[in-house]
Structure formats: C-alpha cells, structure tokens
Novice: 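Below are the structure tokens for one structure; questions will follow.
Heads up: numbering here begins at 1 and tracks the sequence. Hydrogens, waters and symmetry mates are skipped; everything else that's a heavy atom, side chains included, is used.
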Amino acid sequence: MRNIILQLYFCTALLVSPAIVKGDTSFKVEELVRGLDTVWGMAFLSDHKLIFTEKSGNVLLFDLSSSTTISLSGEPLVKNQGQGGMLDVAVPPGYQNEDWIYFTYSKPVGKYGVTTLARAKLQNTALVEWTDLVITRSATDTHRHYGSRIAFDENGHLFFTVGDRGERPNGQDLSTHAGSVLRVNVDGTIPTDNPFGAVSGARPEIYSYGHRNPQGLAYDPMFNRLWLIEHGPRGGDEINLIVPGGNYGWPTVSHGKEYYAPIAVGEGTSKEGMESAVKVYIPSIAPGSLMLYSGKAFPEWQGNLFAGALKLKHINRVTLDADGNPVAEERLVSELKERIRSIVEGPEGFVYFSTDSGKIYRLRP
C-alpha cells in the first residue's frame, strides 16, 4: 500500500521558484518530491534514477522521468534513535546496473548502535545480497555523532566517516573507530598501505583521526584531494583537507565553545603535530553534507565545495584557489528556510539537495 500511495502522490507538477541570481549565476529552485521522512543520503544510479535513504530506515528510488517514487525491499533493521538510522548511500565511479551500492547505517549491536558500512545490489525493486562490510568498534551509550558519509577515490578505495559517538576522548584514541575517517577497499578489506595498519593496538581501517562528527566527505579526482566537513561544538565547524595519518585535533584542538558556558574547548585552536582546519565557521552552520561540483550546467561553480547547512538553513558554496585555499563563500537558497541534509551533483550537472522536512529539490540554470 505504501508504494501505491507514494506513486500516486508524487506524480505531480514541479514547484518552481522564480529565477534567482547569485553573483554571476542565475538558477531556478525546483521542488521534486515532498512528504518524505528526513532524506539523509542520495546517489544517482542512472540519468533518471535517484536512490535515497530515509533516516527512519527506508531506501527508496525516485524516477525523474516519471516523477514516481517507490520503496525498495531488503534493507536491514536500523537503530533509528537520536542521530542514528539509515544514513548515507553512494555508488563508486563507473557504476553500472546491478553493481554494488554502498550504505552506512546505525546497526543495533546489543543495546547500542554502531556505524556500519554495507553494500547491496538492486534487482527490480529489491536490495539483494546485503552484506555488512565493516561493523565499526564505536559503541557508546549515546545516540549521536555517527558521522557516516561515504566517498570513493579512483584507485578502488572507499572512505567513510565515524563521529566520536558523543565521547570526546575517542577522537584521540586509535583503538576505536570513533572520531575517524576510515579507508577500506571496495570489498571491505584493508589496504596494505593504510597509515596505522602496523601500529599495535590501532584499528587498521583508520585513515585520519581527531574528528568530532564529520558529516560531509568529498573526493577531488583532479587534485587527488579528500575534503571533509565536520561539526564543531558551539561554533567551530571545520572544513579539513585529509592527509593519511593526519590528526585533526579533536578534542585537544578546537575553535568551538562549551555548550554550558562561553569557555573554549581544548587547549587552543592549533597545536604542533595536529592538522589545522582549512576553513572554520563561527558561528556554526551545522554542516550535514559536502559535495565538490564538477558539472557543466554551472561552469562558474566548477571546483567549488558545497555544504548543506542544518542550523543556518542554506547551501554554503566555497570557492577554492588552485592550491585548495578558500577564497570566497556564498550562501544559497536561504529563502527556503530549510535544514539542508544531503547534496549531490546530477548527471546533467544540476544540483540536487534534500531537507530534513522530507523534500528533494533541484537547482538548474
């Protein structure tokens, strides 16, 4: 019954805004879907098929050519509590029909939830061969900071993030996956050149650590750069350029304040041996995603980073110079007053984004 209702409900006309001009760019905002749960992750399987996750535990498929949405079967049980649930979905470069699709979700392990990397294949309207590749060692008694974004490089590696799970010391503890960026091969095995593979007591999947709650991850194939955006505490959200083995400081180094008082978190904003942020947001925008734009629809945006802002309710566009330094910032679609959760680039170069209110939008020229 749910599939029938969705198909009927979403066969409606697009809701299109008047043209908006920002800088030298003119674009329209189109509302494609509404009435969903929080849409946490999105990925294109073809020119017209968009797979997406609802935090509550569902995986769905939206057909742009017919404006219909269907629920898929075969998803696992998730711990939909606090910030946990069905989280990211991503496909590797060169994805073709019935290749592996990758997911992260909060898996119930006893009374806890842990960030888990999994993959499955899509056959008709079913996810089949669901396999958990990495069930992280990240259990705490909190229900927050799962991290959970996915990115691929062009050498068969997959990166995914795990937040500190609400326990600050995890950020500097290599014996837990919490507070880290992990790197595995696309089959879930561990690359032989991972930076902590030979370190006694360290989790060999760890690629970088010292992170609080990274909810945005984007790989730049042109410059072989891995970009990350993460939540600070009260103030101090960060964009970081990830290097193998890098320590990004949390909670020793932070630009944020305590929630209970205007007291700085940590020892300072920098420390020898710890990587400094490329860009810091004070006050916090609460970043929920990150995308590196490479499309042709908006040539002036090529090479820019786009972050979805949850607290300040906009898309944050950051212009980088050739060396990867941020040189300008622009805030888009703030007039929607929506918490922007996920951002992806479509095959035609349009920008698609989702909101916590259960909508999917598109930016097009």
Novice: For Ile206 and His177, work out which heavy atoms get closest and say how close.
Specialist: CG1-CD2, 4.4 Å

Novice: Taking all non-hydrogen atoms of both residues into account, name the closest pair between Ala43 and Val91 and its distance.
Specialist: CB-N, 4.3 Å

Novice: Would you say the side-chain atoms of Arg203 pair up with the backbone N or O of Ala178, donor to acceptor, closer than 3.5 Å?
Specialist: no

Novice: For Val181, is there any backbone N or O sitting under 3.5 Å from a side-chain donor or acceptor partner on Thr161?
Specialist: no

Novice: Is the charged tip of Lys107 near the ring of Tyr105: under 6.0 Å from the six-membered ring centre and within 45° of its axis?
Specialist: no

Novice: Would you say Thr140's side chain and Arg165's backbone share a donor-acceptor pair under 3.5 angstrom?
Specialist: yes

Novice: Shared ILVMFWY cluster between Leu87 and Val162, side chains joined below 4.5 angstrom?
Specialist: no

Novice: Going through the distances and angles, do Phe306 and Glu345 end up as a side-chain contact (heavy atoms from CB on, under 4.5 Å)?
Specialist: CA-CA 10 Å; Phe306 286 73; Glu345 180 184 317; over 6 Å; no

Novice: Is a side-chain N or O of Asp37 found less than 3.5 angstrom from the main chain of Ser56, in a donor-acceptor match?
Specialist: yes

Novice: Is there a side-chain contact between Phe223 and Leu241 (heavy atoms, below 4.5 Å)?
Specialist: no

Novice: For a quick test of reading the model, state the closest non-hydrogen atom pair linking Lys257 to Pro233 and the distance between them.
Specialist: O-CB, 3.5 Å

Novice: Would Lys313 and Arg339 count as a side-chain contact (heavy atoms from CB on, under 4.5 Å) if you check the C-alpha gap in whole Å, the side-chain angles of each, and the deciding distance to 0.1 Å?
Specialist: CA-CA 5 Å; Lys313 300 181 180 180; Arg339 288 168 56 88; 4.1 Å; yes

Novice: Quick check on the hydrophobic clustering: are Val344 and Trp40 connected, directly or via other members, by side-chain heavy-atom contacts under 4.5 Å?
Specialist: no

Novice: Check Arg168 with Glu258, please: is the shortest side-chain N to carboxylate O separation under 4.0 Å?
Specialist: yes

Novice: Rounded to the nearest 0.5 Å, how far does CG of Leu228 lie from CD1 of Ile242?
Specialist: 4.5 Å

Novice: Are any non-hydrogen side-chain atoms of Ile229 and Tyr281 less than 4.5 angstrom apart?
Specialist: yes

Novice: Mark yes when over 12 heavy atoms from residues, nucleotides or ligands other than Arg225 sit less than 6.0 Å from its CZ; otherwise mark no.
Specialist: yes

Novice: Hey, does Leu312 have a side-chain heavy atom less than 4.5 Å from the side chain of Arg331?
Specialist: yes

Novice: Cut-off 3.5 Å, no hydrogens considered: what does the side-chain donor-acceptor table look like for residues 282-293, sequence neighbours left out?
Specialist:
| residue | atom | partner | partner atom | Å |
| --- | --- | --- | --- | --- |
| Ser284 | OG | Gly235 | N | 2.9 |
| Ser284 | OG | Asp237 | OD1 | 3.3 |
| Ser289 | OG | Gly308 | N | 3.2 |
| Ser289 | OG | Arg341 | O | 3.1 |
| Tyr293 | OH | Ala297 | N | 3.4 |
| Tyr293 | OH | Phe298 | N | 3.0 |
| Tyr293 | OH | Gly349 | O | 2.6 |

Novice: Does His145 have any ring-ring contact (aromatic ring centres under 6.0 Å, His included) partners at least two apart in sequence or in another chain, and if so, which?
Specialist: none

Novice: If I compare all heavy atoms of Pro347 with all of Asp47, which pair ends up nearest, and what's the gap?
Specialist: CB-OD1, 3.4 Å

Novice: Going through the checks in order, is the side-chain contact (heavy atoms from CB on, under 4.5 Å) test met by Tyr95 and Ile101?
Specialist: CA-CA 9 Å; Tyr95 173 86; Ile101 303 169; 3.8 Å; yes

Novice: Is the shortest heavy-atom distance from the side chain of Phe52 to the side chain of Tyr352 under 4.5 Å?
Specialist: no

Novice: When rounded to the nearest 0.5 angstrom, what distance separates CG in Leu174 from OG in Ser200?
Specialist: 11.0 Å

Novice: Please tell me if the side chains of Leu72 and Ile51 come closer than 4.5 Å, counting only heavy atoms from C-beta onward.
Specialist: yes

Novice: Using only heavy-atom distances, determine whether the side chains of Tyr146 and Asn213 contain a donor-acceptor pair under 3.5 Å.
Specialist: no

Novice: Leu332 and Val318: same hydrophobic cluster, using ILVMFWY side-chain contacts below 4.5 Å?
Specialist: no

Novice: For the atom pair CG (Leu77) and CD (Glu75), what is the distance rounded to the nearest 0.5 Å?
Specialist: 10.0 Å

Novice: Using only atom types and a distance under 3.5 Å, with no angle test, would you say the side chain of Asn185 pairs donor to acceptor with the backbone of Asp187?
Specialist: no

Novice: Treat each ILVMFWY residue as a node, draw an edge where side-chain heavy atoms are under 4.5 Å apart, and state whether Trp100 and Phe103 are in one component.
Specialist: no

Novice: Side chain to side chain donor-acceptor pair (under 3.5 Å) with Gln215: which of Gln83, Arg149, His231, Glu230?
Specialist: His231

Novice: State whether the number of non-hydrogen atoms from other residues, nucleotides or ligands found under 6.0 Å of Lys49 atom NZ is greater than 12.
Specialist: no

Novice: If I take atom OG from residue Ser294 and atom CE from residue Met222, how far apart are they, to the nearest 0.5 angstrom?
Specialist: 8.5 Å

Novice: Quick one: does any side-chain atom of Thr116 pair with a main-chain N or O of Val114 as donor and acceptor, under 3.5 Å?
Specialist: yes

Novice: With side-chain contact (heavy atoms from CB on, under 4.5 Å) as the criterion, how do Thr53 and Val39 come out once you've worked through the C-alpha distance, each side chain's angles and the decisive distance to 0.1 Å?
Specialist: CA-CA 6 Å; Thr53 61; Val39 178; 5.8 Å; no

Novice: Should the ring pair Tyr361 and Phe353 be called parallel, tilted or perpendicular, given that the plane angle runs from 0 to 90° and is split at 30 and 60?
Specialist: parallel

Novice: Please determine, by modelled atom types, if Glu238 and His255 share a side-chain donor-acceptor pair under 3.5 angstrom.
Specialist: no

Novice: So Phe152 and Tyr102, would you call those rings parallel, tilted or perpendicular, with 30° and 60° as cut-offs?
Specialist: perpendicular

Novice: Keeping the roles fixed (side chain from Ser354, backbone from Ser342), state whether a donor-acceptor pair exists under 3.5 Å.
Specialist: yes

Novice: What are the two closest non-hydrogen atoms of Val253 and Ser270, and how far apart are they?
Specialist: CG1-N, 3.7 Å

Novice: Looking at every heavy atom in both Pro214 and Gly163, which two are closest together, and how far apart are they?
Specialist: CD-CA, 3.9 Å

Novice: Is there side-chain contact between Leu117 and Leu182, with heavy atoms separated by less than 4.5 Å?
Specialist: no

Novice: Using a distance-only test with no angle check, is there a side-chain donor-acceptor pair under 3.5 angstrom linking Gln172 and Asn247?
Specialist: yes

Novice: For Lys28, I'd like to know if atom NZ has over 12 heavy atoms of other residues, nucleotides or ligands within 6.0 Å.
Specialist: no

Novice: Can Arg183 and Asp193 be counted as an ion pair, charged N to O under 4.0 angstrom?
Specialist: yes

Novice: Is there a side-chain contact between Glu167 and Asp141 (heavy atoms, below 4.5 Å)?
Specialist: yes

Novice: Can you find a side-chain donor-acceptor pair between Asn194 and Glu205 that sits under 3.5 Å?
Specialist: no

Novice: Checking Glu30 against Arg362 for the salt bridge (charged side-chain N to carboxylate O under 4.0 Å, His left out) test, could you report, in this order, the C-alpha distance in whole Å, the side-chain angles of both residues, the deciding distance, and whether it holds?
Specialist: CA-CA 5 Å; Glu30 298 176 333; Arg362 175 171 63 192; 2.6 Å; yes

Novice: Check for a donor-acceptor pair, side chain of Thr176 on one end and backbone N or O of Ser138 on the other, with a separation under 3.5 Å.
Specialist: no

Novice: So do the side chains of Thr136 and Phe160 get within less than 4.5 Å of each other, counting heavy atoms only?
Specialist: yes

Novice: With no hydrogens and no angle check, is any side-chain donor or acceptor of Thr104 less than 3.5 Å from a backbone partner on Asp88?
Specialist: yes

Novice: My understanding is that only residues two or more places apart in sequence, or in another chain, count here; which of them pass ring-ring contact (aromatic ring centres under 6.0 Å, His included) with Tyr248?
Specialist: His211

Novice: Are Leu226 and Leu158 connected, step by step, through hydrophobic side chains (Ile, Leu, Val, Met, Phe, Trp, Tyr) whose heavy atoms are closer than 4.5 Å?
Specialist: no

Novice: Check whether Asp321 reaches the backbone of Asp323 with its side chain - one donor and one acceptor, N or O, closer than 3.5 Å.
Specialist: yes

